[in-house]
Amino acid sequence: MRHWLIKSEPETFSISDLARAPKRTTSWDGVRNYQARNFLRAMRCGDLAIFYHSNADPPAAVGIVTVVREAFPDVSAWDPGSPGHDPKASPANPVWSMVDVQLMEVFPRPLALDELRGQKSLAGMELLRRGSRLSVTPVTATEFRTIHTLAHARPAAGVAPTSRPAKKSRGN
DNA sequence: GCCAACGTTGGC
DNA sequence: GCCAACGTTGGC
């Protein structure tokens, strides 16, 4: 079994949206990057993935999903009305793929990016690499376990608050 | 809103 | 095949 991390902007689709979805299942559509697509295609039923909120305040790992249907054509790619429309895609040449994922658990508390960065055992994670933008990435079993364990632990003492320092006022 | 990092596009 | 221009991502 392999482990993954998938990103979504909560304004677009949050883990709460997934929790409300029929069968707590959704098609993970809209991936338009070849490397990320290839990772989607490598997913197998039963694989587990960390659900991560990007462009969020704070950005955070928020839960776990499992793959319940392996890669199939992303129909939104050839829908001219879809924001992910790709003129290269058609039913005969789908180009892009999606999988179905089902919600396994919403973490008891979100694991903010700051806190992930503070973990030595996660130092090698793709997510934490500078400039990393891939929306679908593999994670090791160890990284997965670390995140799962952290999410169920009390926040470590001495962890800095996740809020940013107030901006200096201009002028004067 | 800013901007660094990265992927894609297209002229040559 | 090179690479500049452009678009997107996503933390801050």
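Reminder, nothing fancy here: chain letters follow the sequence lines and each chain counts from 1.
Note: CG (A:L128) to C1' (C:dG11) measures 12 Å, nearest angstrom. Between A:R129 atom CZ and B:dC6 atom P there is a gap of 7 Å when expressed in whole angstrom units. Rounded to whole Å, atom C1' of C:dG11 lies 16 Å from atom NE2 of A:H53. To the nearest angstrom, P of C:dG11 lies 13 Å from CD of A:E126.
Taking the six-membered ring where the residue is Trp, A:H3 and A:F144 present tilted rings, their angle falling between 30° and 60°.
Within the hydrophobic cluster formed by Ile, Leu, Val, Met, Phe, Trp and Tyr side chains joined at under 4.5 Å, directly or through other members, A:W96 is accompanied by A:Y34, A:V95.
Around atom CZ of A:R41, more than 12 heavy atoms belonging to other residues, nucleotides or ligands sit under 6.0 Å away.
At distances below 3.5 Å, at least one donor-acceptor pair connects side-chain atoms of A:R109 with backbone N or O atoms of A:A153.
Between atom CG of residue A:L127 and atom CG of residue A:L122 there is a gap of 9.0 Å, rounded to the nearest 0.5 Å.
When A:H85, A:M98, A:R32 are each tested for a side chain to side chain contact (heavy atoms under 4.5 Å, CB included) with A:S76, only one passes: A:R32.
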Every protein N/O within reach of nucleotides 8-10 of chain C N/O, cut-off under 3.5 Å:
from, atom 1, to, atom 2, distance (Å)
C:dT8, O2, A:R133, NH1, 2.5
C:dG10, OP1, A:K7, NZ, 2.9
C:dG10, OP1, A:R133, O, 2.6

